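Just so it is clear, the model here is predicted, and its values are computed rather than measured. Letters go in sequence order (proteins before strands), and every chain restarts at 1.
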Protein chains: 2
Amino acid sequence: MSGLSEARSEQTGPTQSWRQATSDAASPRERILAAAAHLFCHEGFAATGVDAIVAQAGAAKTTLYKHFESKEQLIDAVLEREGAAWRRWFFGKLGALRGDARARLLAVFDVLEIWFADPEFYGCPFINAIAEFDTGDERIRAAAAAHKAHLFAWLKAQALECGDSAPDETARQMVVLIDGAIVAAQGARDPSFARTAKGLASIRLEARPDL
Amino acid sequence: MSGLSEARSEQTGPTQSWRQATSDAASPRERILAAAAHLFCHEGFAATGVDAIVAQAGAAKTTLYKHFESKEQLIDAVLEREGAAWRRWFFGKLGALRGDARARLLAVFDVLEIWFADPEFYGCPFINAIAEFDTGDERIRAAAAAHKAHLFAWLKAQALECGDSAPDETARQMVVLIDGAIVAAQGARDPSFARTAKGLASIRLEARPDL
DNA sequence: GGCTGATCATACAGACCTGTTTGTTTAGAG
DNA sequence: CTCTAAACAAACAGGTCTGTATGATCAGCC
């Protein structure tokens, strides 16, 4: 009779995913963000309506508009949250490894493969957002650039720690390999493209013994 | 002078873009397809309405629905046309080159950079479509897979001609580099990512002297 | 001229979208 | 228990979307 919680308890359970399962008891704001992230990234930003989001979140539309001014701002919040959560998970995994910077650079692709193998994997939200909003919405481009800047900074720091004489170029190359692995794995639904990219990274790092 | 290469460079034409400028006198069907391609890829598939397409095409909505059953089928037709036109241009440019297969594999990234530098560059329509329709619409995934299969077959043929002992893996690596260059160039609006990817390809091809 | 088929222009139907309004229900603090 | 703030439910307003229906216009061909 309550009808309140029926829609909330659908994606619980222990998860091996990179993302923590969203608790049923989470705040409405968190439930809305989680549902919006799921739907935006699977069905598309424009194709996902706020009604579908609140339905999946088990929330009321008034609640959504109390926490977010508009759908556009909800998209911004989702991207920021997804980016932060992903970076926490990604750099956390990498930081927990033993080994030197070169080993960490190669381990990037092992962590990517774990990500790709998640049955919920839907690609990089920023790549997807840029693909959908090529023109217009410059704020989305800025959010994507900020995310990429975090990644780039980390990659460059690893290259510097390796003693790389051209850390910027090395970081750019790693960005190309990471983006390429993401897109290829997403398109073909084949996580092993992470290993393909790792092979290239390995050759690249071996080819420069000054690293 | 050289009548041999003339037949292969037929696609370049007087326009500086990879795509022929669509003549105003083209058939309504062609105008609709061109306008739809432009709008779909710049504004997004879901965000582009048929009214905007016919307005830009200078056509009537009835004409659009006489040629295409639905917007969904129009998307299919646009993807097929875009893919065919791009492959004609891309492989045409590469086929016109002198040099062996290894040189052609490296030239891939020079041609990509020309593409990226087009002010109308909006990324790969198939990557963008997959990003927007992650779930649902399996026909779009099939169209993207067919396009990628063409590219993969060409890359593998070049690798075979090089005497590569693992042409499949080499072609996969090139796919990763191409996809990564496309996405990085699109996201940062920086065509030079083609050269970044070329550097990796070069190292990869040099690292295997058996090629 | 008169016929034909394609295209154009406009209005429309029904569904869906974003965002708001109104009022009810719930949960926690004093 | 009372008070309060948040969340819920449902209807609504105004706009936009896909796709259709209805004619008008135009080009070519007899």
Side-chain angles (χ1 to χ4, degrees), chain A residues 1-10 22-40 42-79 129 132-133 135-137 139-140, chain B residues 22-79 129 132-133 136-137 139-140:
Chain A
M1 274 312 178
S2 69
L4 286 174
S5 56
E6 55 178 334
R8 301 178 186 171
S9 54
E10 294 180 49
T22 310
S23 164
D24 288 347
S27 70
R29 188 174 192 279
E30 283 302 307
R31 295 201 313 270
I32 288 168
L33 280 169
H38 181 91
L39 291 170
F40 281 154
H42 277 103
E43 319 279 351
F45 292 91
T48 299
V50 291
D51 290 303
I53 293 170
V54 296
Q56 169 139 342
K61 195 148 62 160
T62 41
T63 307
L64 187 154
Y65 279 102
K66 186 177 309 242
H67 288 288
F68 307 97
E69 271 184 14
S70 61
K71 178 183 172 181
E72 199 178 351
Q73 191 186 294
L74 174 62
I75 292 177
D76 294 346
V78 163
L79 286 181
E132 189 162 342
F133 306 108
T135 48
D137 221 320
R139 298 200 332 286
I140 283 180
Chain B
T22 310
S23 164
D24 289 345
S27 70
R29 188 174 193 276
E30 282 303 306
R31 293 202 315 269
I32 288 168
L33 279 169
H38 181 91
L39 291 169
F40 281 154
C41 295
H42 277 103
E43 319 279 351
F45 293 92
T48 299
V50 292
D51 290 302
I53 293 170
V54 296
Q56 168 140 341
K61 194 147 64 160
T62 41
T63 307
L64 187 154
Y65 279 103
K66 190 172 303 260
H67 288 288
F68 306 98
E69 269 184 15
S70 62
K71 178 183 173 181
E72 199 178 351
Q73 191 187 295
L74 174 62
I75 293 177
D76 295 346
V78 164
L79 287 180
E132 189 162 341
F133 306 109
D137 221 321
R139 295 197 336 283
I140 284 180

Nearest-angstrom distance from the residue atom CD1 of B:Ile53 to P of D:dG19: 11 Å
query: Which nucleotide in the list C:dC8, D:dA7, D:dT18 gets nearest to the side chain of A:Lys66?
result: D:dA7
Selected nucleotide, minimal atom distance to A:Tyr65 side chain, candidates C:dC8, D:dG19, C:dT20: C:dT20
- prompt: Could one point to a donor on the side chain of B:Lys71 or the base of D:dG19 with an acceptor on the other under 3.5 Å away?
  reply: no
query: Just how far, in rounded Å, is C1' of C:dT18 from CZ of A:Phe45?
result: 18 Å
- prompt: Taking for each residue the nucleotide of DNA chain C bearing the nearest heavy atom, is the 5' side occupied by B:Arg29 or by A:Glu72?
  reply: B:Arg29
query: Can you tell me how far P of C:dT20 sits from CZ of A:Phe68, to the nearest Å?
result: 15 Å
query: So does A:His67 get a side-chain nitrogen or oxygen closer than 4.0 Å to the phosphate oxygens (OP1/OP2) of D:dA6?
result: no
message: From CD of A:Glu43 over to P of C:dC17, roughly how many Å is that when rounded to an integer?
response: 12 Å
message: Measuring to OP1 and OP2 of C:dT7, would you say a side-chain N or O of B:Arg31 lies under 4.0 angstrom away?
response: no
query: Between the side chain of B:Thr48 and the main-chain N/O of B:Glu43, is any donor-acceptor distance below 3.5 Å?
result: no
statement: Atom CG of A:Leu39 and atom P of C:dC17 are separated, to the nearest Å, by 12 Å
query: Which whole-number value in Å describes the distance from B:Asp51 CG to C:dC8 P?
result: 15 Å
field: Gap between atom CZ of A:Phe68 and atom OG1 of A:Thr63 - 0.5 Å precision
entry: 11.0 Å
task: Determine yes or no for a side-chain-to-main-chain donor-acceptor pair under 3.5 angstrom, with A:Glu132 supplying the side chain and A:Phe45 the backbone.
output: yes
field: Contact under 4.0 Å: A:Thr62 side-chain N or O vs D:dC8 OP1/OP2
entry: no
- request: Rounded off to whole Å, could you give me the CD1-to-P distance for the A:Ile75 and C:dC17 pair?
  value: 14 Å
- prompt: Could you state the CG-P distance from A:Leu64 to D:dA9, rounded to the nearest angstrom?
  reply: 14 Å
message: To check you understand the geometry: which heavy-atom pair defines the closest contact between A:Ala77 and A:Leu33, and what is its length?
response: CB-CD2, 3.9 Å
- prompt: Considering only side-chain heavy atoms of A:Lys61, which listed nucleotide, D:dC8, D:dA11, C:dC8, is closest?
  reply: D:dA11
task: State, yes or no, whether a side-chain contact exists between B:Phe40 and B:Lys71 at a heavy-atom distance under 4.5 Å.
output: yes
